[in-house]
Amino acid sequence: MSSHITAPRGTQDILPPTSARWLALERRIHDLARRFGYGEMRTPIFESTELFVRGVGETTDIVEKEMYTFFDKGERSITLRPEFTAPVMRAALEHKLFGQGPQRWYYVGPIFRYERPQKGRYRQAHQFGVECTGYAGPEADFEVIALAWELVRSHGIEDAVLNVNTIGDDVCRPRYREALLAHFRPHADELSADSQRRLEKNPLRILDSKDERDHAFVTTAPTFESVLCDACREHFAALRAYLDAAGIPYVVNPKIVRGLDYYTRTVFEIISCVLGAQSTVCGGGRYDGLVASLGGPPTPAVGFALGLERFLMMLDALHGEVEQPRAGVQAIGLGTQARALLVPLVTELRRMLAQPVFMDYDDRKLLAHLKMADRNNARYALILGSDELAAGELVVRDLEARTDRRIPLGRAGDVAAALGEEQS
RNA sequence: GUGAUUGUAGCUCAGCUGGUUAGAGCGCCUGACUGUGACUCAGGAGGUCGCCGGUUCGAACCCGGUCAGUCACCCCA
């Protein structure tokens with residue numbers, strides 16, 4: 001076994017029938033994005049390393065230790081994308097799209113992060129996300145959250161909870177940072193090792209600590225509320241009013257801080273407890289400074305990313321295996337002559353029918369063929385054996401109703417009609 | 001990156017304090033049955049017990065390493 005080549009750690013093969021679930025989800029995603037007026041953007045899987053260093057933030061974990069970075073043969077530093085927002089903004093900048101007013105894009109595809117794998121956390125993961133640029137007002141925040149929530153809601157996920165928070169802008173966030181430093185620094189020695197590290201790097205993260213030692217200091221820490229500037233306060237209040245009016249349930253969670261540097265004001269996550277520690281299915285927020293930091297015009301923007309693996313896991317946990325209704329036709333030709341007549345008929349049926357047409361080419365008994373029809377979950381069987389051959393007929397069996405009909409052999413249109421599908 | 005835990009057939013799992021030829025159920029193939037499929041019965045295929053090394057007369061079992069999964073931390077989708 002060890003001599004066999006296996007999929008790299010943290011990656012997975014998606015095989016039938018699971019791949020069909022992926023395809024179905026992706027179709028619903030494309031349809032949802034289209035209904036919200038978003039256009040798909042496809043960007044390269046690898047980019048210049050510099051893009052992520054500047055776009056995601058030099059001191060983030062993603063950039064510091066999780067990127068798949070290498071030099072290509074031209075000695076360019078290349079990185080497999082660990083997220084989509086920076087690449088999408090780079091592409092928009094490159095194609096001068098910001099000069100054309102507000103924009104709405106979405107994306108679906110793989111991302112790569114070198115992390116220790118566990119359930120719901122992979123080195124190659126897939127994300128769906130949207131970016132809405134050009135609107136500074138809370139309507140855009142609402143729209144993006146509503147889109148994410150619609151995806152969750154339409155799948156009947158009752159377990160999911162929307163958490164929202166505001167982390168201020170470049171006026172009040174530095175103030176909050178100072179307030180936190182002033183609060184925690186005198187007790188630095190008493191904090192957990194992780195939090196001592198966070199103190200210098202990202203003090204907001206201390207609020208999220210699960211360590212007992214930090215707990216007392218976290219509960220007495222100043223709230224963002226106390227330093228929030230008026231503009232941010234109004235923005236957040238307006239967003240909440242929109243959510244209330246739309247009937248989208250949420251909780252304000254001051255611990256939602258997000259790990260990427262570019263967020264401003266609104267941040268949100270959709271959390272599910274069925275996923276254990278990897279509880280965030282979807283996370284996003286506003287990032288008004290990112291485009292400018294990449295060298296573009298000052299452009300307000302808001303977006304989110306949703307993890308497809310985690311989303312599918314939630315669906316599994318909530319709905320389990322859903323029994324698929326029978327669909328399709330199993331063509332059964334008993335003997336060489338029958339097969340020779342059936343093969344061209346099958347080809348024609350595959351052109352005419354929306355449902356799948358199955359056929360097995362081996363010499364088997366009728367019984368074995370019918371078992372295959374069951375395995376394929378086919379609704380109908382077309383049986384052509386020596387009797388039918390002699391009579392110039394074809395048996396159409398409804399495998400669910402257990403009824404037979406005999407139709408003239410030859411025209412695919414007759415078969416389609418017998419299957420209740422009008423030919424187009 | 002830190003700590004813990006698991007690894008036996010395609011899948012789910014048994015396998016006693018180390019004992020010689022490693023099992024079950026499901027699935028798969030064949031037959032009972034060239035003509036009616038979710039049933040039944042009979043037979044069959046499929047394993048270097050994750051991998052490497054050590055201890056031992058003898059290892060699926062004990063020890064070390066390694067790879068992979070899982071859980072928590074970290075972080076995030």
Side-chain angles (χ1 to χ4, degrees), chain A residues 1-12 15 56 59-66 81-85 107-129 148 192-195 197-198 201-202 205 208-212 256-260 269-272 275-284 303-314 323 326 330 332-335 338 362-381 383-389 395 397-404:
Chain A
M1 282 296 265
S2 71
S3 61
H4 289 134
I5 297 171
T6 56
R9 185 166 203 210
T11 68
Q12 49 193 172
L15 313 173
V56 178
T59 61
T60 59
D61 275 23
I62 290 178
V63 171
E64 274 184 348
K65 47 194 187 192
E66 296 178 0
R81 68 178 172 219
E83 59 108 53
F84 271 94
T85 299
Y107 55 80
V108 189
I111 58 150
F112 305 86
R113 292 182 194 173
Y114 190 86
E115 295 184 275
R116 184 136 163 199
Q118 60 190 75
K119 191 185 288 267
R121 187 165 89 175
Y122 306 99
R123 290 182 172 178
Q124 174 173 340
H126 296 77
Q127 291 188 342
F128 156 58
S192 65
D194 278 332
S195 287
R197 186 174 47 78
R198 291 178 182 117
K201 202 172 133 185
N202 188 355
R205 277 249 161 253
D208 198 18
S209 173
K210 289 163 191 162
D211 197 295
E212 287 286 324
I256 301 288
V257 293
R258 311 292 303 153
L260 284 64
E269 293 184 3
I270 295 175
I271 291 171
S272 161
L275 299 169
Q278 312 305 318
S279 59
T280 303
V281 191
C282 170
F304 72 79
L306 175 133
L308 296 189
E309 282 84 357
R310 290 186 187 178
F311 192 69
L312 252 7
M313 282 167 63
M314 274 175 66
E323 203 167 312
R326 283 179 173 274
Q330 180 85 33
I332 301 175
L334 269 16
D362 289 336
D363 275 315
R364 297 176 202 278
K365 297 178 177 177
L366 178 63
L367 196 118
H369 274 112
L370 287 167
K371 278 184 179 164
M372 297 190 97
D374 272 333
R375 209 184 309 161
N376 289 328
N377 205 29
R379 171 72 194 270
Y380 300 98
I383 304 169
L384 182 59
S386 47
D387 293 358
E388 291 82 6
L389 227 36
V395 169
R397 173 170 305 160
D398 184 328
L399 294 168
E400 203 165 82
R402 293 171 164 262
T403 55
D404 281 6

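Heavy-atom basis, side chains included; hydrogens, waters and symmetry copies ignored. Numbers restart at 1 for each chain; the letters A, B, ... are given by sequence-line order, proteins then strands.
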Query raised in the report: Nearest to the side chain of A:E388 - B:rG35, B:rA77, B:rG1?
Result: B:rG35
Query raised in the report: Taking for each residue the nucleotide of RNA chain B with the nearest heavy atom, is it A:R326 or A:G120 whose nucleotide lies nearer the 5' end?
Result: A:R326
Requested in this report: Have a look at A:D374 and say if it touches a base, only the backbone sugar-phosphate, or nothing, with a 4.0 Å heavy-atom cut-off.
Outcome: base
Query raised in the report: Between A:R326 (side chain) and A:Y380 (backbone), is there a donor-acceptor pair under 3.5 Å?
Result: no
Query raised in the report: For A:K201 and B:rC75, what is the distance between atoms NZ and C1' respectively, to the nearest whole Å?
Result: 9 Å
Query raised in the report: Counting distance only, does the side-chain N/O of A:R364 pair as donor-acceptor with the main-chain N or O of A:H369 below 3.5 Å?
Result: no
Requested in this report: Take the protein atom CZ of A:R375 and the nucleotide atom C1' of B:rG10, then report the distance between them rounded to whole Å.
Outcome: 13 Å
Report task. Would you indicate whether the side-chain heavy atoms of A:Y114 and A:R123 approach each other to under 4.5 Å? Result -> yes
Query raised in the report: Do A:H126 and A:V108 come within less than 4.5 Å of each other through their side chains, counting heavy atoms only?
Result: no
Query raised in the report: Does A:L370 or A:D208 map to a spot on RNA chain B nearer the 5' end, using the closest nucleotide for each?
Result: A:L370
Report task. For B:rG58 and B:rU20, measure between their C1' atoms and round to the nearest Å. Result -> 8 Å
Requested in this report: Determine the interatomic distance between C1' on B:rC41 and the same-named atom on B:rU17; round to the nearest Å.
Outcome: 41 Å
Report task. Could you give the distance separating B:rU55 and B:rC67 at their P atoms, to the nearest angstrom? Result -> 23 Å
Report task. Measure centre to centre between the rings of A:F304 and A:F84, then say whether the value is under 6.0 Å. Result -> no
Report task. Answer with yes or no whether the side chains of A:E269 and A:T280 bring together a donor and an acceptor at under 3.5 Å. Result -> yes
Query - Spacing of the P atoms in B:rG50 and B:rU6 (rounded, Å) - result: 13 Å
Query raised in the report: Has A:Q118 got a side-chain N or O lying under 4.0 Å from the OP1 or OP2 atom of B:rA72?
Result: yes
Requested in this report: Using the C1' atom on both, measure B:rA60 against B:rG19 and round to a whole Å.
Outcome: 13 Å
**Report entry** Donor-acceptor contact below 3.5 Å, side chain A:R113 vs main chain A:I62
**Finding:** no
Report task. Nearest whole angstrom, please: distance from the C1' of B:rC33 to the CG of A:L366. Result -> 11 Å
Query raised in the report: In whole angstrom, what separates A:I111's CD1 from B:rA77's P?
Result: 7 Å
Report task. In whole angstrom, give the distance that lies between atom CG of A:L15 and atom C1' of B:rG10. Result -> 12 Å
Query raised in the report: Side-chain contact, heavy-atom cut-off 4.5 Å: A:I256 with A:I271?
Result: yes
Query raised in the report: Hey, is the side chain of A:R9 poking within less than 4.0 Å of OP1 or OP2 on B:rG69, counting only N and O atoms?
Result: yes
Query raised in the report: Any salt bridge between A:D194 and A:K210, counting N to O under 4.0 Å?
Result: no
Query - Nearest-angstrom distance, P atom, B:rC61 to B:rG7 - result: 11 Å
Query raised in the report: Given side chains that start at C-beta, do those of A:Q127 and A:R81 come closer than 4.5 Å, heavy atoms only?
Result: no
Query raised in the report: Choosing from B:rG35, B:rG69, B:rA77, which nucleotide comes nearest the side chain of A:P117?
Result: B:rG69
Query raised in the report: In whole Å, what separates the C1' atom of B:rU12 from that of B:rA72?
Result: 26 Å
Would you tabulate the nitrogen or oxygen pairs shorter than 3.5 Å linking the protein to nucleotides 2-7 of chain B?
from	atom 1	to	atom 2	distance (Å)
B:rU2	O4	A:R116	NE	3.4
B:rU2	O4	A:R116	NH1	2.9
B:rG3	O6	A:R116	NH2	3.0

Report summary line: Whole-Å distance, A:L275 CG to B:rA72 P, equals 10 Å
Query raised in the report: With respect to the phosphate group of B:rC74, does any side-chain polar atom (N or O) of A:K210 fall under 4.0 Å of OP1 or OP2?
Result: yes
Report summary line: Looking only at B:rG35, B:rG69, B:rA38, the nucleotide nearest the A:S386 side chain is B:rG35
Query raised in the report: Between B:rC75 atom C1' and A:K65 atom NZ, what is the distance in whole Å?
Result: 7 Å
Query raised in the report: Hey, does A:L275 have a side-chain heavy atom less than 4.5 Å from the side chain of A:V281?
Result: yes
Report task. Taking Watson-Crick and G-U wobble pairs with both distances under 3.5 Å, convert RNA chain B into its dot-bracket string, 5' to 3', dots for unpaired and | for cross-strand pairs. Result -> (((((((..((((.....[...)))).(((((.......))))).....(((((..]....))))))))))))....
**Report entry** Inter-nucleotide P distance (B:rA45, B:rG23), Å rounded
**Finding:** 13 Å
Query raised in the report: How many Å lie between CZ on A:R197 and P on B:rG1, as a whole number?
Result: 15 Å
Requested in this report: Respond yes when some side-chain nitrogen or oxygen of A:K365 is under 4.0 Å from OP1 or OP2 of B:rA32, and no when none is.
Outcome: yes
Query raised in the report: With distance as the sole criterion, do the side chain of A:E115 and the base of B:rA77 form a donor-acceptor contact below 3.5 Å?
Result: yes
Query - Touch class at under 4.0 angstrom, heavy-atom based, for A:E269 against every strand present - result: nothing
